[in-house]
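See structure below.
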Amino acid sequence: MCNGGPFLASSVANNKLLRIQKPYLFIGFNFGCTNFGYIQIKQYQFPTSILMAVGVRHCTIRFMELESSSLMKCSLLSSPLYRKQSVHFYNSSTQRYNQCCSLSMNGCQGDSRAPIGTVETRTLPAVSSPALAMERLNSAISDMIKSDPPPYNSGIIRLEVPIEEQIEALEWLHAQNHLLLPRCFFSGRRVASEMCINGASSHSKLVSVAGVGSAVFFTHLRPFSLDDWRAIRRFLSKKCPLIRAYGAIRFDATANIASEWSAFGSFYFMVPQVEFDELEGSSIIAATIAWDNAASWTYQRAIDALQATIWQLSSVLITVQKKNPQSHILANTHVPGKASWDHAVKRALQIISRNDPVLIKVVLARSTRVVTAADIDPLTWLACLKVEGENAYQFCLQPPHSPAFIGNTPEQLFHRDRLSICSEALAGTRARGGSELLDLNIEHDLLSSAKDHNEFAIVRECIRRRLEAVCSSVIIEPKKAIRKFTRVQHLYARLRGRLQAEDDEFKILSSVHPTPAVCGYPTEDARAFISETEMFDRGMYAGPVGWFGGEESEFAVGIRSALVEKGLGALIYAGTGIVEGSDSSLEWEELELKTSQFTKLMKLEAPLLTRGQSRIINQNQKGKRTLCQEFTEAQSIKNLKVFPS
């Protein structure tokens with residue numbers, strides 16, 4: 001949306017820009033599953049030159065009256081392609097709107113070995129509400145503008161205002177404009193963890209964090225390296241433990257990046273410009289300024305960028321809907337389909353069953369493209385996942401011009417607290433029972449299964465060996481137990497070790513990822529099989545997702561996750577381990593079980609008509625029917641289908 005001002009719409013047909021006043025309708029369209037754009041117009045009648053659909057045979061179109069908020073959807077889906085697939089989520093019209101928020105410094109472009117000039121946290125007096133906190137924060141920023149700039153060529157300063165009330169970080173994030181990007185959310189599983197705030201012990205415990213804008217971000221197309229880790233670490237400090245870089249790393253940095261993942265690069269981390277921290281019994285709102293003259297990002301530019309983001313924030317909180325939105329599913333496409341899945345599992349088992357196998361285990365994944373009748377709000381989905389995610393991590397990461405990567409993952413990759421390291425082995429899956437007795441029977445079946453024990457032992461022993469290569473000692477306790485979640489239960493072991501130096505953190509990250517739980521064993525052979533077999537880009541799915549801090553760092557494994565954008569549905573990811581004794585149909589059922597936390601938020605609807613059938617117009621939507629007809633007749637778009645919301 002263009003905030004009520006004139007909006008410029010481009011025309012592919014005549015290479016002109018049109019200035020349109022007083023937006024009345026909101027229209028989005030997707031042509032040939034490539035680009036998605038928005039225009040706003042004054043009345044039902046609109047010039048055909050503003051449309052980018054000349055000669056296109058199929059598209060997805062979205063109409064909405066701003067006054068009545070009634071919605072109908074026109075869509076026609078192309079037949080699925082079963083080659084290596086790339087789904088385009090790029091939202092071209094948001095570029096101008098969120099430019100001021102996405103504009104900041106890429107820390108990877110600086111000198112990773114040069115020490116930062118200053119790292120500071122300035123805590124202001126506590127207030128009673130978010131609105132008062134924003135007032136105090138704005139006042140502090142104004143004082144900084146009036147004052148002389150710090151005498152450093154580089155630095156990072158966090159201004160924070162405590163709030164004497166516990167407020168959900170996700171609610172604060174939901175209250176912000178969804179075009180205000182980048183944004184992030186991370187809810188740790190360890191609610192009981194002690195935090196050290198401003199160098200002093202605090203009884204307040206961090207529950208979750210939400211952020212918008214980036215004081216500094218870190219991304220590149222090359223694989224995440226030691227220099228990149230150093231580039232992040234130079235902006236962090238033990239004395240400022242809440243200055244953190246949140247983000248994710250690709251599952252396979254050597255694989256080609258599909259368009260739906262392009263904004264993430266090979267990795268993407270951000271220190272939020274504005275951050276909301278939910279603690280037990282209280283909250284904090286904070287603003288962070290980062291600059292580095294060597295990277296052509298001055299203190300003044302950082303202040304200006306922060307002001308541009310602050311200007312767009314809302315302090316009026318909106319309760320996130322935590323009940324199932326129940327969107328109707330219009331299309332549901334698996335890659336691979338069941339037949340291709342059976343073939344891939346059969347091929348894997350043939351390699352695994354050889355006398356001298358080069359492969360002992362491989363984790364094969366599935367991508368499910370879901371198109372719904374109503375928009376999917378990634379934060380609403382995340383709120384629903386959070387309700388049943390007591391023992392899991394919830395996360396959201398959305399760079400500019402990108403869909404949101406969200407998840408509810410049960411699996412910890414590692415947690416570092418100074419020199420202490422812990423990790424987990426998680427493998428083997430069963431559904432929860434409908435009664436206590438049935439649940440215990442299923443648990444016993446999982447514990448006694450030779451196939452599941454084999455899969456679990458591979459994961460546990462591989463992580464143990466990798467930790468031993470970096471740590472002075474490793475303890476496994478428990479060695480084999482059951483961890484239960486709302487819908488599933490897994491075999492579980494906890495591993496603890498001690499680093500010889502904090503700089504060994506990068507070694508831990510690069511050695512424990514990918515674990516056999518998401519890749520297989522031996523790692524390189526499994527990775528090669530996945531690359532040859534899977535017809536989609538995993539992106540950040542099954543990769544490390546979490547945060548780096550000066551004193552602590554924590555990463556989960558980005559499974560049970562999805563790529564979501566309003567207006568374009570979702571890509572839902574799940575995987576399952578293939579070992580000797582695996583059955584392709586049972587593994588397919590496991591995929592369905594793992595994706596059920598997302599699919600339960602939707603319900604099936606009658607399938608769309610085929611392309612050969614004529615369009616169906618709801619006769620009760622006469623005004624919109626006229627609009628659709630004008631649109632299609634002007635652009636010769638055939639086979640248009642309209643569904644009332």
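Just so you know, these numbers use all the heavy atoms, side chains as well, and skip hydrogens, waters and symmetry mates.
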Answer yes or no: is there a donor N or O on one side and an acceptor on the other, between the side chain of [X] and the main chain of [Y], under 3.5 Å?
X	Y	answer
Ser142	Asn138	yes
Glu565	Ala570	no
Ser561	Gly558	yes
Gln109	Met105	no
Ser283	Glu165	yes
Thr409	Val557	yes
Ser262	Ser259	yes

Can you label the angle between the Phe267 ring and the Phe224 ring as parallel, tilted or perpendicular, going by 30° and 60°? perpendicular
So Trp381 and Phe598, would you call those rings parallel, tilted or perpendicular, with 30° and 60° as cut-offs? tilted
Are Phe405 and Trp261 close enough that their ring centers fall under 6.0 Å? yes
Quick check on the 6.0 Å ring-centre criterion: do Tyr246 and Phe185 meet it? no
For a quick check under 3.5 Å, do [X] and [Y] share a side-chain donor-acceptor pair by atom type?
X	Y	result
Thr309	Gln273	yes
Gln166	Glu278	yes
His174	Asp377	yes
Asn177	Gln312	no

Candidate pair Met540 and Val545, rule side-chain contact (heavy atoms from CB on, under 4.5 Å), full reasoning: CA-CA 8 Å; Met540 269 58 183; Val545 56; over 6 Å; no
Gap between atom [atom2] of [Y] and atom [atom1] of [X] - 0.5 Å precision:
X	Y	atom1	atom2	answer
Glu552	Leu236	CD	CG	12.5 Å
Phe217	Phe269	CZ	CZ	14.0 Å
Leu137	Met134	CG	CE	6.0 Å
Arg183	Ser214	CZ	OG	14.5 Å
Phe276	Glu168	CZ	CD	10.0 Å
Phe536	Glu260	CZ	CD	10.0 Å

Start with the C-alpha distance between Arg250 and Ile257, add both sets of side-chain angles, then the distance that settles side-chain contact (heavy atoms from CB on, under 4.5 Å), and finish with yes or no. CA-CA 9 Å; Arg250 283 177 61 81; Ile257 301 176; 3.8 Å; yes
Using side-chain heavy atoms (C-beta onward) and a distance below 4.5 Å, is [X] in contact with [Y]?
X	Y	result
Phe264	Leu563	yes
Ser402	Tyr268	no
Val271	Ile243	yes
Pro410	Arg560	yes
Gln300	Pro149	no
Trp547	Phe555	no
Ile163	Ile284	no
Val212	Pro272	no

Would you name the heavy atoms of [X] and [Y] that are closest together and state the gap between them?
X	Y	answer
Leu181	Pro399	CD1-O, 3.8 Å
Asp537	Ala258	OD2-N, 2.9 Å
Gly265	Leu221	CA-CD2, 4.2 Å
Pro130	Ile167	CG-CD1, 3.3 Å
Leu132	Ser128	CD1-OG, 3.4 Å
Leu173	Gly211	CD1-O, 4.0 Å

Start with the C-alpha gap between Leu330 and Thr372, add the side-chain angles, then the distance that decides, and say whether side-chain contact (heavy atoms from CB on, under 4.5 Å) holds. CA-CA 5 Å; Leu330 300 181; Thr372 57; 5.9 Å; no
Can you list the steps and then say if Arg158 with Asp277 is a salt bridge (Lys or Arg N to Asp or Glu O under 4.0 Å)? CA-CA 13 Å; Arg158 171 183 163 105; Asp277 300 330; 2.8 Å; yes
I'd like to know whether Met144 forms a side-chain contact (heavy atoms from CB on, under 4.5 Å) with Ile157, so could you lay out the CA-CA distance, the side-chain angles of the two residues, the decisive distance to 0.1 Å, and finally the verdict. CA-CA 11 Å; Met144 292 181 71; Ile157 300 174; 4.2 Å; yes
Going through the distances and angles, do Asp292 and Arg234 end up as a salt bridge (Lys or Arg N to Asp or Glu O under 4.0 Å)? CA-CA 11 Å; Asp292 187 352; Arg234 69 189 287 253; 3.0 Å; yes
Is the shortest side-chain N to carboxylate O distance from Glu275 to Arg244 below 4.0 Å? no
